[in-house]
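In what follows, a structure is listed as structure tokens, so that the remarks can point back to it.
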Amino acid sequence: EFRGMDLEAAETFGVGQITAFTWKDLFDLYNCTECGRCTSGCPANVAGKQLDPKLLILDLQEHLLETGPKLLARGGNGHAEESPKAMVGEVIPDNVLWACTTCLWCVEACPVFIEHVPKIIDMRRHLVLTESRFPEELKPTFRNLENNGNPWQMSWQTRADWAKDLGVKLMADAQEAEYLYWVGCYGSFDERNRKVARAVVKILQAARVDFAILGTEEKCTGEPARRVGHEYLYQTLAQENIQTLKRYRFQTIVTACPHCFNTIKNEYPQFDGHFKVVHHSQLFEELVRSGRLRVSQDLAQRITYHDPCYLGRYNDIYESPREVLRSISRGEMVEMHLHKSKGFCCGGGGGRVWMEEHEGRRVNQVRVEQAMEVKPDILASACPFCLTMFEDGVKAKGVGDVMKTRDLAELVADTLR
């Protein structure tokens, strides 16, 4: 659950000094048992970035212990300017905040319920909204989200072009459908992920599911903007999408993107957007189980499945994708050493997919190496960010000819009877 932010009432944006944290945040800083579990599996840290979740908490703790007494001496009012060091930038360097993929490993691993990720996002909000200090590559991303409703320089008018020849209904024409297929920016615009969107359509049509898409009325959910601290842009996009969705009648939203899924399901309610949302893996599982989708166990290759962070740790969906894979495969299913709640991030979350990596190794290559250890023919995932990161990682490691990266939907579409 990401904290909302009342932009109209806010006097400051994000958290730039210790007094702006919530009591729970400050309580967290006192609570750290210094066990280091958060750092032990942090993908940024494992890949050699400066971000160390334990030190992040301890550095903030030290800053709190230094400034706290001075604040209390003044009756608790005033700013924490008693400290000669700026909290964001000096106590916590900018690159530490930008390295986070928001994968939630640290939060899941912590025995005393410290929440590292919301603090990082709050400090990013300060950097973006108050200081205008952020990686250069995010400038075009922000501009494109504002102008085009997607992170790229693609016109919003071409958002439904991928589906031109597929006979897919538009909500504007149909007005109602049982399912609204939320395609997302990757499925709509990215060459590789358009194949996934087409596979989803093929499956839904094969199962005779009544569905429609928003087409050019759909905009980015705003998730990337929120994760990198541009809360204002997120809220603008979210409110537009919610108004659009409320115009139509449908029972359930289905999407192949865990980031869209998590945002619409868990974060749109903050703006009175209450919708029933399922991830494509959940719908496929249900369609196979009920017999509406007839598949054959054609896949004979050795498969390993990667858990997307926003599907697994954020929403506890681990079994549905595996059930679907079992129903279409007679080959061997192998688990990577790090899987399910201990899964290792692809490196693309938290807006990282639009940023460069300048320190240490690339997170996606570290994950591809972990996949290589179990020698699969197919590295399967269920997230457009993961697929994009793995396509790059597999090329960089030169194993593209022996290990194919596929989305769950593509594999299901291949085995339709």
Side-chain angles (χ1 to χ4, degrees), residues 163 166-169 171 174 176-184 187 193 195-214 221 245 248-266 268-269 274-299 303 305-331 333 339-341 343 378 380-384 386-387 406-417:
L166 298 179
V168 175
K169 282 191 304 192
M171 266 298 180
E176 58 179 297
E178 186 185 355
Y179 283 90
L180 186 149
Y181 171 31
W182 184 277
V183 187
N193 279 286
K195 293 177 184 165
V196 178
R198 296 174 76 91
V200 172
V201 166
K202 194 173 157 187
I203 293 162
L204 296 180
Q205 288 172 340
R208 299 208 164 88
V209 171
D210 171 36
F211 75 99
I213 62 172
L214 287 172
T221 58
L245 289 166
Y248 299 115
R249 290 173 55 190
F250 52 86
Q251 287 171 22
T252 309
I253 295 173
V254 58
T255 179
C257 176
H259 296 259
C260 298
F261 168 74
N262 181 68
T263 301
I264 299 171
K265 179 174 181 276
N266 299 325
Y268 276 14
H274 301 278
F275 308 101
K276 187 180 167 208
V277 196
V278 297
H279 182 254
H280 72 347
S281 62
Q282 296 173 297
L283 181 57
F284 296 162
E285 182 188 26
E286 188 192 311
L287 291 173
V288 170
R289 193 188 291 144
S290 65
R292 280 177 72 183
L293 187 67
R294 296 180 54 205
V295 290
S296 49
Q297 282 186 304
D298 280 351
L299 281 182
I303 301 175
Y305 169 73
H306 161 87
D307 288 283
C309 306
Y310 277 76
L311 199 58
R313 275 188 291 265
Y314 276 81
N315 288 287
D316 232 20
I317 298 170
Y318 297 110
E319 290 312 321
S320 293
R322 287 176 172 80
E323 277 302 311
V324 172
L325 285 170
R326 279 193 279 270
S327 67
I328 59 172
S329 165
R330 59 170 191 272
M333 295 267 303
H339 63 279
K340 294 195 176 167
S341 65
I378 295 173
S381 63
C383 169
C386 300
L387 187 58
R406 309 290 303 278
D407 185 88
L408 186 68
E410 297 177 294
L411 296 172
V412 174
D414 284 350
T415 56
L416 290 177
R417 282 235 291 276

Could you tell me which residues satisfy side chain to side chain donor-acceptor pair (under 3.5 Å) with [X], sequence neighbours excluded, listed by chain and number?
X      : answer
Asn193 : Asp190, Thr388
Ser296 : Asp298
Tyr318 : none

**Request:** Keeping to residues at least two apart or across chains, list the side-chain hydrogen bond (donor to acceptor under 3.5 Å, both in side chains) pairs with something in residues 407-417.
**Result:**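 Non-adjacent pairs meeting side-chain hydrogen bond (donor to acceptor under 3.5 Å, both in side chains): Arg192-Glu410, His280-Asp407, Arg406-Asp414.
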
**Item:** Residue pairs fulfilling side-chain hydrogen bond (donor to acceptor under 3.5 Å, both in side chains) with at least one residue in residues 254-264, sequence neighbours excluded
**Value:**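 Sorted result for residues 254-264: Glu223-His259, Asn262-Asn266, Asn262-Asn315.
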
Got [X] and [Y] here, is their nearest side-chain heavy-atom distance under 4.5 Å?
X      : Y      : result
Val254 : Thr252 : no
Pro384 : Val196 : no
Phe261 : Tyr314 : no

**Message:** Going by the rule salt bridge (Lys or Arg N to Asp or Glu O under 4.0 Å), which residues pair with Arg326 if we only count those two or more places apart in sequence or in a different chain?
**Reply:**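 Only Glu319, Glu323 meet the salt bridge (Lys or Arg N to Asp or Glu O under 4.0 Å) criterion with Arg326.
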
**Message:** Among residues at least two apart in sequence or on other chains, which ones pass salt bridge (Lys or Arg N to Asp or Glu O under 4.0 Å) with Arg313?
**Reply:** none

Under 3.5 Å, which donor-acceptor pairs link side chains of residues 200-213 to any protein atom two or more places apart or in another chain?
| from | atom 1 | to | atom 2 | distance (Å) |
| --- | --- | --- | --- | --- |
| Gln205 | NE2 | Leu166 | O | 2.9 |
| Asp210 | OD1 | Lys169 | NZ | 2.7 |
| Asp210 | OD2 | Glu178 | N | 2.9 |

Working to the nearest 0.5 angstrom, can you tell me the gap between [X] [atom1] and [Y] [atom2]?
X      : Y      : atom1 : atom2 : answer
Tyr268 : Cys260 : OH    : SG    : 8.0 Å
Cys257 : Trp182 : SG    : CH2   : 10.5 Å
Ile253 : Ile264 : CD1   : CD1   : 5.0 Å
Leu180 : Tyr248 : CG    : OH    : 9.5 Å
Cys383 : Leu408 : SG    : CG    : 12.0 Å
Ile317 : Ser281 : CD1   : OG    : 5.5 Å

**Prompt:** Can you list the steps and then say if Val412 with Leu293 is a side chain to side chain contact (heavy atoms under 4.5 Å, CB included)?
**Reply:** CA-CA 10 Å; Val412 174; Leu293 187 67; 4.0 Å; yes

Could I get the full list of ring pair (Phe, Tyr, Trp, His ring centres under 6.0 Å) partners for [X], not counting sequence neighbours?
X      : answer
Tyr181 : none
Tyr305 : none
His279 : none

**Request:** Using the salt bridge (charged side-chain N to carboxylate O under 4.0 Å, His left out) rule, collect all pairs that involve residues 277-287, keeping only residues at least two apart or in two chains.
**Result:**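 Sorted pair list: Glu285-Arg289.
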
**Asked** With a cut-off of 6.0 Å (strictly less than), are more than 12 heavy atoms of other residues, nucleotides or ligands near CZ of Arg249?
**Response**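 No - once you tally the heavy atoms of other residues, nucleotides and ligands closer than 6.0 Å, there are 12 at most.
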
**Request:** Could you pull out the closest heavy-atom pair between Ala409 and Ala199, with the gap in Å?
**Result:** O-CB, 3.6 Å

**Message:** If we ignore hydrogens and angles and just use 3.5 Å, is the side chain of Asp307 paired with the main-chain N or O of Lys340 as donor and acceptor?
**Reply:**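 It does hold such a pair.
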
